[in-house]
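Chain A is the first sequence line, chain B the second, and so forth, proteins listed ahead of strands; every chain is numbered from 1.
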Number of protein chains: 2
Amino acid sequence: MLAKITEYAIRALVFIEIQNQQGARPGVKDIAREIASPEAYTGKFMQLLTKHGLVRSMKGRGGGFFFDQNIRPLNLQKIVLVLEGEAYFNKCGLGFNGCDSHEPCPIHKDYIRVKQELFDLFEKLTIEGLANDVKKGLAVLKK
Amino acid sequence: MLAKITEYAIRALVFIEIQNQQGARPGVKDIAREIASPEAYTGKFMQLLTKHGLVRSMKGRGGGFFFDQNIRPLNLQKIVLVLEGEAYFNKCGLGFNGCDSHEPCPIHKDYIRVKQELFDLFEKLTIEGLANDVKKGLAVLKK
DNA sequence: ATAAATAAAGATATATAGGTCTTTTTATAT
DNA sequence: ATATAAAAAGACCTATATATCTTTATTTAT
Ligand code: SF4
Ligand code: SF4
């Protein structure tokens, strides 16, 4: 449903949000530990998130990751778009090329509805909101 | 959303259903042409479908693929289960190992709902039904 | 029986996703 | 200024999904 890298990214960003609220800027090591992701790989995908402006980073002693305030609200849609490409929301169903409703694939009618709900959901869910759930103990970042 | 092989499989089976209803047993070549899939690869995944009992085959002159009547109704759930594994329906959200609602990941609450709808949809959609849509011109198998 | 048609099997190739390791650059505390 | 801590960059490695090609086994028409 979501690529592994996207799963990691969401959890990482939620953790950063929580830490930021407490005035801390977690580094790659902290993140990897907290979300149970491979450390080296964590560096790689954090680099990607930074390059795409989803989060910011500071090198050097005392550095780490943090949010630029003007990216808010940071919803999952933005993250999925960067990591999975817009094909995730456009291309669907049976994988035709030029998908339109004029010559739909056999599953179009019902499928498009579920797809739309997922789209709406990813728009509604924000890193800030998810972080709140975790802080309130309603959700966890690793198992 | 669905692996490419699953997309191919669904379209192939819908085509076979239509042909069967007209008393024909299409072969790999016909299928590949009709659903716009690579011919050699089509042989491979048809082999897989046959091995898992989703469809039957006859070798030799006049052979081809056809349905055993006692697999009906053949819904998409069965197909997805074979090709993507049951993880497709179980494992979800942020990819935790032991997923339960006691210690949910941050997106659990809303995500599980969409997931369930998809599950229900795949149960409702059958090869027979989809074939009907195609026959009525409400859907097409390739573009 | 033989030839033709066809799926099955298996070996191989290619692309993409996922992951690791090493080196370089940058920032800051001292 | 220097040492240290941290992210960035880039070269690799590995596994999986996707795809192709060649050969073999099976069925049926003749
Ligand atoms: S569901 Fe609709 S948009 Fe998606 S592949 Fe099928 S026809 Fe195209
Ligand atoms: S949505 Fe629920 S079941 Fe799915 S990964 Fe999150 S906690 Fe687990």
Side-chain angles (χ1 to χ4, degrees), chain A residues 1-13 15-16 19 24-33 35-68 80 82-85 87-88 91 94-95, chain B residues 1-13 15-16 19 24-33 35-68 80 82-85 87-88 91 94-95:
Chain A
M1 200 74 143
L2 285 173
K4 206 150 200 177
I5 193 173
T6 311
E7 301 177 346
Y8 285 149
I10 296 173
R11 291 193 273 161
L13 292 172
F15 174 62
I16 294 167
Q19 290 294 299
R25 293 180 170 180
V28 168
K29 240 177 169 164
D30 308 311
I31 296 171
R33 178 178 12 86
I35 71 171
S37 60
E39 195 174 312
Y41 193 55
T42 303
K44 257 290 128 86
F45 69 71
M46 286 313 300
Q47 208 175 308
L48 205 76
L49 301 187
T50 307
K51 204 176 70 184
H52 282 90
L54 293 177
V55 71
R56 292 182 57 189
S57 72
M58 285 286 288
K59 288 183 190 177
R61 186 176 266 200
F65 296 89
F66 61 98
F67 288 103
D68 198 319
V80 172
V82 164
L83 295 177
E84 319 241 351
Y88 188 86
K91 188 224 120 187
L94 301 188
Chain B
M1 200 76 143
L2 285 173
K4 207 152 200 174
I5 194 173
T6 310
E7 300 178 347
Y8 285 149
I10 296 173
R11 290 193 275 161
L13 293 172
F15 175 61
I16 294 168
Q19 291 292 300
R25 293 179 170 181
V28 169
K29 239 175 168 167
D30 307 312
I31 296 171
R33 179 178 11 86
I35 71 171
S37 59
E39 194 174 312
Y41 191 56
T42 303
K44 259 290 128 87
F45 70 71
M46 286 312 301
Q47 208 175 308
L48 204 78
L49 300 187
T50 307
K51 204 177 70 184
H52 282 90
L54 293 177
V55 71
R56 292 182 58 189
S57 71
M58 286 285 289
K59 286 183 192 178
R61 185 177 267 199
F65 296 88
F66 62 98
F67 287 103
D68 197 319
V80 171
V82 164
L83 296 176
E84 318 241 351
Y88 188 85
K91 189 225 119 185
L94 300 187

Tell me: [atom1] of [X] to [atom2] of [N], nearest whole Å?
| X | N | atom1 | atom2 | result |
| --- | --- | --- | --- | --- |
| A:Gln47 | D:dA11 | CD | C1' | 13 Å |
| A:Lys59 | D:dA7 | NZ | P | 11 Å |
| B:Glu7 | D:dA19 | CD | C1' | 15 Å |
| A:Lys44 | D:dC13 | NZ | C1' | 12 Å |
| B:Ile5 | D:dT16 | CD1 | P | 15 Å |
| A:Met46 | D:dA8 | CE | C1' | 12 Å |
| B:Tyr41 | D:dA17 | OH | P | 9 Å |
| A:Lys4 | D:dA17 | NZ | P | 12 Å |

Which residue lies more 5' along DNA chain C, comparing B:Pro26 with A:Pro38 via nearest heavy atoms: B:Pro26
[atom1]-[atom2] distance between [X] and [Y], expressed to the nearest 0.5 angstrom:
| X | Y | atom1 | atom2 | value |
| --- | --- | --- | --- | --- |
| B:Leu54 | B:Met46 | CG | CE | 9.0 Å |
| B:Leu83 | B:Lys4 | CG | NZ | 15.0 Å |
| B:Arg56 | B:Arg25 | CZ | CZ | 8.0 Å |

Ring geometry between B:Tyr8 and B:Phe45 (parallel below 30°, tilted from 30 to 60°, perpendicular above 60°):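 Answer is parallel, since the angle falls under 30°.
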N or O in side chain of B:Tyr8 less than 4.0 angstrom from D:dA19 OP1/OP2: yes
Nucleotide range of DNA chain C lying under 4.0 Å from chain A heavy atoms: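 Under 4.0 Å from chain A, the extent on DNA chain C is C:dG18 to C:dA29.
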B:Thr6 or A:Arg61, whichever maps to the more 5' nucleotide of DNA chain D: A:Arg61
Touch class at under 4.0 angstrom, heavy-atom based, for B:Gly64 against every strand present: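 Sugar-phosphate, no base atom in range.
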Sugar-phosphate only, base, or nothing, as touched by B:Gly43 at under 4.0 Å among non-hydrogen atoms: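 Touches nothing.
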Closest non-hydrogen atom pair between A:Pro26 and A:Ile31, with its separation: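 Result for this residue pair: CB-CG1, 4.2 Å.
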Among A:Leu49, A:Asp30, A:Thr50, the one residue meeting side-chain contact (heavy atoms from CB on, under 4.5 Å) with A:Phe65: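 With A:Phe65 as partner, A:Leu49, A:Asp30, A:Thr50 yield a single side-chain contact (heavy atoms from CB on, under 4.5 Å), made by A:Thr50.
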Close side-chain approach of A:Phe66 and A:Val55, heavy atoms under 4.5 Å: no
